[in-house]
Protein chains: 2
Amino acid sequence: MSDENWSPPPVLLAVDLVIFTLRHSQLQVLLVERGIDPYRGRAALPGGFLNNDSEDLLAAAHRELDEEADLDAARLHLEQLGTYGAADRDPRGRVVSVAYLAIAPHLPEPTAGTDAAGAAWRPVDAITSGELPLAFDHDVIIADGIERARSKLEHTPLATAFCEPTFTISDLQQVYEAVWGVDLDPRNFYRKVQKVPDFIRPVDAERRVTKGRPARLFTAGPATSLHPPIPRPGGTAEPEGQR
Amino acid sequence: MSDENWSPPPVLLAVDLVIFTLRHSQLQVLLVERGIDPYRGRAALPGGFLNNDSEDLLAAAHRELDEEADLDAARLHLEQLGTYGAADRDPRGRVVSVAYLAIAPHLPEPTAGTDAAGAAWRPVDAITSGELPLAFDHDVIIADGIERARSKLEHTPLATAFCEPTFTISDLQQVYEAVWGVDLDPRNFYRKVQKVPDFIRPVDAERRVTKGRPARLFTAGPATSLHPPIPRPGGTAEPEGQR
DNA sequence: AGAATAGTGTCTTTGAGACACTATCAC
DNA sequence: GTGATAGTGTCTCAAAGACACTATTCT
């Protein structure tokens with residue numbers, strides 16, 4: 001409680017977005033190309049500074065989501081990921097960044113012509129492998145986002161956020177396989193997800209076309225957590241480490 | 001990337017601490033009494049503003065831990081919990097608070113005479129029940145901290161952070177029981193924790209006194225995650241919600 | 001027909017929980 | 001001895017994974 005006599009520390013608050021989606025059975029993340037220094041020309045997470053006195057953090061994340069990615073913020077999953085405040089993370093000065101994790105269903109290509117021009121979906125593998133270098137500490141933020149998503153697939157209905165309003169069970173399986181990077185047995189997966197109460201709800205008498213037998217369609221159910229969980233084969237990984 | 005022309009938003013960055021320990025088989029949290037308005041006289045989390053240009057967030061948390069709680073920061077578990085930035089959470093103006101979760105072994109009473117005077121351990125039940133009102137949104141932060149701790153007991157060796165360097169298996173069980181608020185079967189618990197590789201390591205040929213048969217002593221092992229996990233009986237609860 | 005995907009049944013193994021039982025201390 | 005806690009063995013039930021099998025579509 002040393003709040004009697006401080007001099008306001010010159011800290012800028014940014015909000016950065018880790019937006020994941022599934023494309024071509026790959027986990028991909030939305031990146032923008034930086035137009036100014038530092039890191040001009042580098043890929044970076046979409047984001048920006050907190051706008052004004054009366055904007056909540058979550059509201060700022062929603063705004064950036066709309067401005068930079070042209071995504072209807074109301075429809076997708078959005079949660080706080082962590083806050084990154086290493087003193088030297090931005091060469092311009094003291095910038096602390098609150099990262100948010102967003103999950104979007106497979107949407108149209110990121111739209112040239114809008115404010116989101118210069119944005120593109122990139123496979124996360126290219127980032128974790130170091131093949132695609134990022135600005136600032138954004139590679140770390142994305143790594144934390146991946147781990148968060150992997151972990152939440154086990155205990156929450158997060159996977160449905162990657163899917164359209166209605167989806168088949170193998171759509172859902174693709175989400176788990178892509179995010180976890182494993183192969184799952186379709187038969188066991190089928191029964192397992194059906195067994196979790198309120199996870200997914202059948203949409204009556206509907207079907208959809210692929211190649212083989214048509215599949216039933218489902219919607220996300222009212223569950224907010226999964227009982228029993230969908231366990232990740234390899235097991236849990238290391239905990240996150242925000243800095 | 002709208003960083004071309006901003007006016008530095010007047011945001012103050014605070015760091016607040018949720019410090020948990022086990023006392024009298026209860027989960028307790030360290031609170032201080034506010035000496036100034038707003039919320040003068042109310043109980044609040046220890047914390048303060050970010051010091052200067054070159055202080056990392058984690059370093060600030062360590063410093064507050066030392067200043068306000070007189071705890072040796074090097075020895076205990078410390079991790080970021082979340083960031084709370086609702087526009088109206090502090091009547092003085094825009095204050096965004098990064099909360100850290102610390103876990104301490106049962107330590108001496110919070111030390112009158114030091115900077116930590118006015119600090120006291122309180123059972124978390126008194127807070128979640130609304131019986132003990134807190135300043136700001138600190139009740140929400142604590143609730144998120146409880147859920148984080150409960151969840152991490154399942155998958156990580158966090159429980160050992162509540163214990164002394166060496167401990168018995170029933171010490172460990174008391175941690176699980178207090179944090180989860182459940183009763184566990186000592187026999188099954190005994191075998192279960194021993195079965196997790198690298199969770200706990202026996203300390204050779206040592207014992208300790210209580211009432212019945214002396215128990216073997218253990219130390220925390222090198223594991224950073226628990227395989228298999230120690231499942232929580234009731235199952236998972238709702239996810240956290242930082243604002 | 002054959003390939004492909006959807007969906008069902010069943011077996012085996014593993015782990016969680018219940019609980020009887022033995023071991024070693026204080027009194 | 002009694003009471004208390006530590007530690008072991010064993011049984012039962014349920015969930016996880018392997019996998020054979022049936023069902024329905026497309027070409």
Side-chain angles (χ1 to χ4, degrees), chain A residues 25 153-155 163 166-178 180-197 199-219 223 225-236, chain B residues 25 153-155 159 163 166-178 180-197 199-219 225-236:
Chain A
S25 300
L153 285 194
E154 297 189 76
H155 313 288
C163 299
T166 67
F167 50 87
T168 67
I169 289 193
S170 70
D171 289 341
L172 203 60
Q173 184 179 344
Q174 277 183 37
V175 174
Y176 278 91
E177 290 183 331
W180 282 347
V182 297
D183 285 324
L184 301 173
D185 184 303
R187 288 107 44 162
N188 293 333
F189 184 83
Y190 189 93
R191 272 181 293 96
K192 192 180 297 193
V193 296
Q194 297 244 57
K195 212 185 302 184
V196 182
F199 183 13
I200 57 175
R201 288 217 177 293
V203 174
D204 255 356
E206 307 235 10
R207 324 213 129 200
R208 200 167 73 175
V209 283
T210 35
K211 232 178 301 184
R213 170 178 177 175
R216 280 181 253 179
L217 287 175
F218 293 83
T219 319
S225 66
L226 266 28
H227 284 297
I230 312 288
R232 172 159 38 150
T236 321
Chain B
S25 301
L153 285 194
E154 296 190 77
H155 313 288
C163 298
T166 67
F167 50 87
T168 67
I169 291 193
S170 71
D171 289 341
L172 202 59
Q173 182 179 345
Q174 276 184 37
V175 174
Y176 278 91
E177 291 184 331
W180 282 347
V182 297
D183 285 325
L184 301 173
D185 184 302
R187 287 102 54 165
N188 293 333
F189 183 83
Y190 189 94
R191 272 182 292 96
K192 193 180 296 192
V193 296
Q194 297 244 57
K195 211 186 302 183
V196 182
F199 182 14
I200 57 175
R201 288 217 177 294
V203 174
D204 254 357
E206 306 233 12
R207 326 213 126 200
R208 203 167 73 175
V209 284
T210 36
K211 231 179 305 184
R213 169 178 176 174
R216 281 182 254 179
L217 287 176
F218 294 82
T219 319
S225 66
L226 267 29
H227 285 296
I230 312 288
R232 173 158 35 150
T236 320

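Every chain is numbered from 1, with letters handed out A, B, ... down the list of sequences.
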A.B. asks: To the nearest 0.5 Å, what is the distance between CD on B/Gln173 and CG on B/Asn188?
C.D. replies: 9.5 Å

A.B. asks: Please list residues of residues 167-178 of chain B whose heavy atoms come under 4.0 Å from any atom in DNA chain C, ordered by number; otherwise none.
C.D. replies: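 When residues 167-178 of chain B is checked for heavy atoms under 4.0 Å from DNA chain C, there are no hits whatsoever.
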
A.B. asks: Taking B/Leu153's backbone N and O only, do any of them form a donor-acceptor pair with B/Tyr176's side chain (distance below 3.5 Å, no angle check)?
C.D. replies: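 Between the backbone of B/Leu153 and the side chain of B/Tyr176 there is a qualifying donor-acceptor contact (under 3.5 Å).
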
A.B. asks: Without decimals, in angstroms, what is the distance between A/Asp185 CG and C/dT5 P?
C.D. replies: 14 Å

A.B. asks: Are any non-hydrogen side-chain atoms of A/Glu154 and A/Trp180 less than 4.5 angstrom apart?
C.D. replies: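 The answer is yes, as the side chains (C-beta and beyond) meet within the 4.5 Å cut-off.
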
A.B. asks: What are the two closest non-hydrogen atoms of A/Val175 and A/Cys163, and how far apart are they?
C.D. replies: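 Looking at all heavy atoms of both residues, the shortest contact is CG2-SG, 3.9 Å.
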
A.B. asks: Atom CZ of A/Phe167 and atom CG of A/Leu172: how far apart are they, to the nearest 0.5 Å?
C.D. replies: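 Rounded to the nearest 0.5 Å, the CZ-CG separation comes out at 5.5 Å.
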
A.B. asks: Consider side-chain contact (heavy atoms from CB on, under 4.5 Å). Of A/Ile169, A/Thr219, A/Leu217, which one does A/Ile200 pass it with?
C.D. replies: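 Of A/Ile169, A/Thr219, A/Leu217, side-chain contact (heavy atoms from CB on, under 4.5 Å) with A/Ile200 is met by A/Ile169 alone.
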
A.B. asks: Counting only side-chain nitrogens and oxygens, does B/Arg216 get under 4.0 Å of the OP1 or OP2 atom of D/dT8?
C.D. replies: yes

A.B. asks: Hey, is the main chain of A/Leu184 close enough, under 3.5 Å, to the side chain of A/Glu177 for a donor-acceptor pair?
C.D. replies: yes

A.B. asks: If we ignore hydrogens and angles and just use 3.5 Å, is the side chain of B/Thr168 paired with the main-chain N or O of B/Asp171 as donor and acceptor?
C.D. replies: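 Yes, the answer is positive, given that a donor and an acceptor are paired below the 3.5 Å cut-off.
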
A.B. asks: Quick one, B/His155 and B/Ser225 - any side-chain contact, counting heavy atoms below 4.5 Å?
C.D. replies: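 Side chain of B/His155 against side chain of B/Ser225, heavy atoms only: no contact under 4.5 Å found.
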
A.B. asks: Whether B/Arg187 contacts C/dG17 is assessed here as follows: a side-chain N or O lying under 4.0 Å from the phosphate OP1 or OP2. Is that the case?
C.D. replies: no

A.B. asks: Within this structure, what is the CD1-to-P distance between A/Ile200 and C/dA6, rounded to whole angstrom?
C.D. replies: 13 Å

A.B. asks: By a strict heavy-atom criterion of less than 4.0 Å, which residues belonging to residues 188-197 of chain B are in contact with DNA chain C?
C.D. replies: B/Asn188, B/Arg191, B/Lys192

A.B. asks: Atom pairs under 3.5 Å, N or O on each side, protein against nucleotides 24-27 of chain C: can you list them with distances?
C.D. replies:
{"unit_1": "C/dA26", "atom_1": "O4'", "unit_2": "B/Lys211", "atom_2": "O", "d": "3.4"}

A.B. asks: For the CZ atom of B/Phe189 and the CD atom of B/Gln194, what is their distance to the nearest 0.5 Å?
C.D. replies: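 The CZ atom of B/Phe189 sits 10.0 Å away from the CD atom of B/Gln194.
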
